[in-house]
2 protein chains.
Amino acid sequence: MTASSPPGSETGRAQPNLTSTLTARLADEIVAGKLPPHTRLPTERSLMETYGVSRTVVREAIAALRADGLVETRQGSGAYVAAEIRNRPFRIDPKGLKSVKQVLDVMELRLCVEVEAAGIAARQRSKADIARMRKVSRAMARAIANGDPAVDLDFELHTVIGTTTGNPYFSSFLEFIGGIIIPRRTILIDDHEHGGTPYLARIQAQHEAIIAAIAKGDAGAARRAMRRHLAEGRDRYRRLVSKDPDEA
Amino acid sequence: MTASSPPGSETGRAQPNLTSTLTARLADEIVAGKLPPHTRLPTERSLMETYGVSRTVVREAIAALRADGLVETRQGSGAYVAAEIRNRPFRIDPKGLKSVKQVLDVMELRLCVEVEAAGIAARQRSKADIARMRKVSRAMARAIANGDPAVDLDFELHTVIGTTTGNPYFSSFLEFIGGIIIPRRTILIDDHEHGGTPYLARIQAQHEAIIAAIAKGDAGAARRAMRRHLAEGRDRYRRLVSKDPDEA
DNA sequence: TCCCTTGAAGTTGTCGTACAACCCTGGTCG
DNA sequence: CGACCAGGGTTGTACGACAACTTCAAGGGA
């Protein structure tokens, strides 16, 4: 079995091993519908022969697919494509975002959830939540004054807002999607033509406006403030990359 | 490691095997922060001894964690907690929704994305998109007239709306979360006290209103129609289960 | 003829062994 | 001090063996 797929390029990772490669190939076939739900996968022996690998590799690949929710195994019977591959987790591969449109599309998805989260947070907030937001915001202000882009603190602030909703699905989703998008704002800050530092100051002012609206319990204002914040970042990103199409 | 869990109640699934059990245990430790990013997991030999299993089981569990994005392995060095466990997929286990609040929380997340998707769909729609929506809606009307709850067609309609956005992340997310929530509306239909058939007719009318707004290119109307539709379903669910707390 | 039981063959689950390929660290030499 | 090497450790792959389970066909009994 030749590993012909591009390497993961993950830090510290030489190249995909046989198990990862087989996992990906089988997953592709399942997702592509070549193996519809309920159908039985080839037996381990058959997969061994087809792909020229040992049973160890086959079993590890099946274990990975099982963990991914794509297959279910029955001892003595076989491995079956899961009845509900709809239950497969929602995934965005940050390294897979190759085009500007893709990044903007993810931003758009994030935007609607963040906006709603801000509104819910305004209704649900406690004093402790607001204190936490303000603490992070102060730390951000200090970091920015020291020339630090404060990406991690930005992420943390959005995470606190998510937690403030009291809805764990909002918070975990925002953490998930924020982890993908927020680090990309470094290119907005590195934009020397328009100056990154004033933009950081704008981000900070926008964060403060969001926090103030949430503290006030004004859901509408919180939503508007969040939408302004994220829409501006998105538009800025769009403008920037339309001048430099290589950056995505 | 003794498998002491009760015999399989899942369809076709005996019970968790040692691999799945170990995978879950290690994943819990990683997610709980007991093993922070970059730290090295115990060696295979150590895990074998700690958990009393063979190396095969350990390796299969590590393969599963690797597929899940939680760990990275380096041959000759060890398995390490992934630098970015933020890249872990977003997951909701439908079987894990045990309480009313949990279901309502997922509904709330779905609502904001569906509302935004309707607005985007109104801006992006093509004639083919609208034709597809109408075709599904007609099929739904026929199914409902035949006494069929038309859950799959409901799901399909929402999937088409997601596709109409032209944003693959909206469509895959809506497919993901719709797969969790839409099947649960069967309890709304099975509610004999208030009559399920009139509710199905309401759903159908609401679908038609959404489609009409999208067809007209009126993003605001599409959003309002979608919000009405989903908010009503959520409120109905909340009322229903507050009378029967066992149903979640 | 139909239904139930039994046994054989097939399949997954686990364990153990062996060797390859790689990594890390400490010691030695230039 | 830096480069190189050897030894020990660790993951990757392959193989063999047996347990536990499933499936299906054949045979026997009602």
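So you know, we letter chains A, B, ... as the sequences are listed, proteins then strands, and number each from 1. Fair warning: this is a prediction, and the values are worked out from it, not measured in the lab.
- For A:Arg55 and C:dT14, a side-chain-to-base donor-acceptor distance below 3.5 Å is present, hydrogens and geometry of angles not being considered.
- Per the geometry, OH belonging to B:Tyr51 stands 15 Å off P belonging to C:dC15, to the nearest Å.
- Listed pair B:Thr73 / D:dG12 meets the phosphate criterion, a side-chain N or O lying under 4.0 Å from OP1 or OP2.
- The side chain of A:Thr43 contributes no N or O atom lying less than 4.0 Å from OP1 or OP2 of C:dG10.
- Using a 4.5 Å cut-off on side-chain heavy atoms (C-beta onward), A:Phe173 and B:Val113 make no contact.
- Rounding to whole angstrom units, CD of residue A:Glu72 and P of C:dT12 are separated by 15 Å.
- A donor-acceptor pair is defined here as one N or O able to donate and one able to accept, closer than 3.5 Å; no such pair exists between the side chain of A:Arg238 and the backbone of A:Gly233.
- In this structure, A:Gln75 atom CD and D:dT22 atom P are separated by 7 Å, rounded to whole Å.
- Salt bridge A:Glu72/A:Arg66: absent, no basic N to carboxylate O contact under 4.0 Å.
- Taking 4.0 angstrom as the limit, A:Thr19 places none of its side-chain polar atoms (N or O) nearer than this to OP1 or OP2 of D:dG12.
- Of the two residues near DNA chain D, A:Met48 and B:Gly78, the one whose nearest nucleotide lies more 5' is B:Gly78.
- Under a cutoff of 6.0 Å and an axis angle of 45°, A:Arg74 and A:Tyr80 form a cation-pi pair.
- Using a 4.0 Å cut-off, no side-chain N or O of B:Ser77 falls inside it from OP1 or OP2 of D:dT10.
- Distances shorter than 4.0 Å separate some side-chain N or O of A:Ser54 from OP1 or OP2 on D:dA14.
- Going from atom CG of B:Asn17 over to atom P of C:dT11 covers 19 Å, rounded to whole Å.
- OP1 or OP2 of C:dG13 sits under 4.0 Å from a side-chain N or O of A:Arg59.
- If you take CD of B:Glu60 and C1' of C:dC15, they are 11 Å apart, rounded to a whole angstrom.
- In this structure, B:Arg236 satisfies the cation-pi test against B:Tyr199, with its NZ or CZ atom closer than 6.0 Å to the six-membered ring centre and inside 45 degrees of the ring normal.
- Here the side chain of B:Leu18 is nearest to one of C:dC15, D:dT13, D:dG12, namely C:dC15.
- Look at CZ on B:Arg45: it is 13 Å from C1' on C:dC15, rounded to the nearest Å.
- Rounded to an integer number of Å, the gap from CD of B:Glu44 to C1' of D:dG8 is 16 Å.
- Note: CG (B:Leu65) to C1' (D:dT11) measures 15 Å, nearest angstrom.
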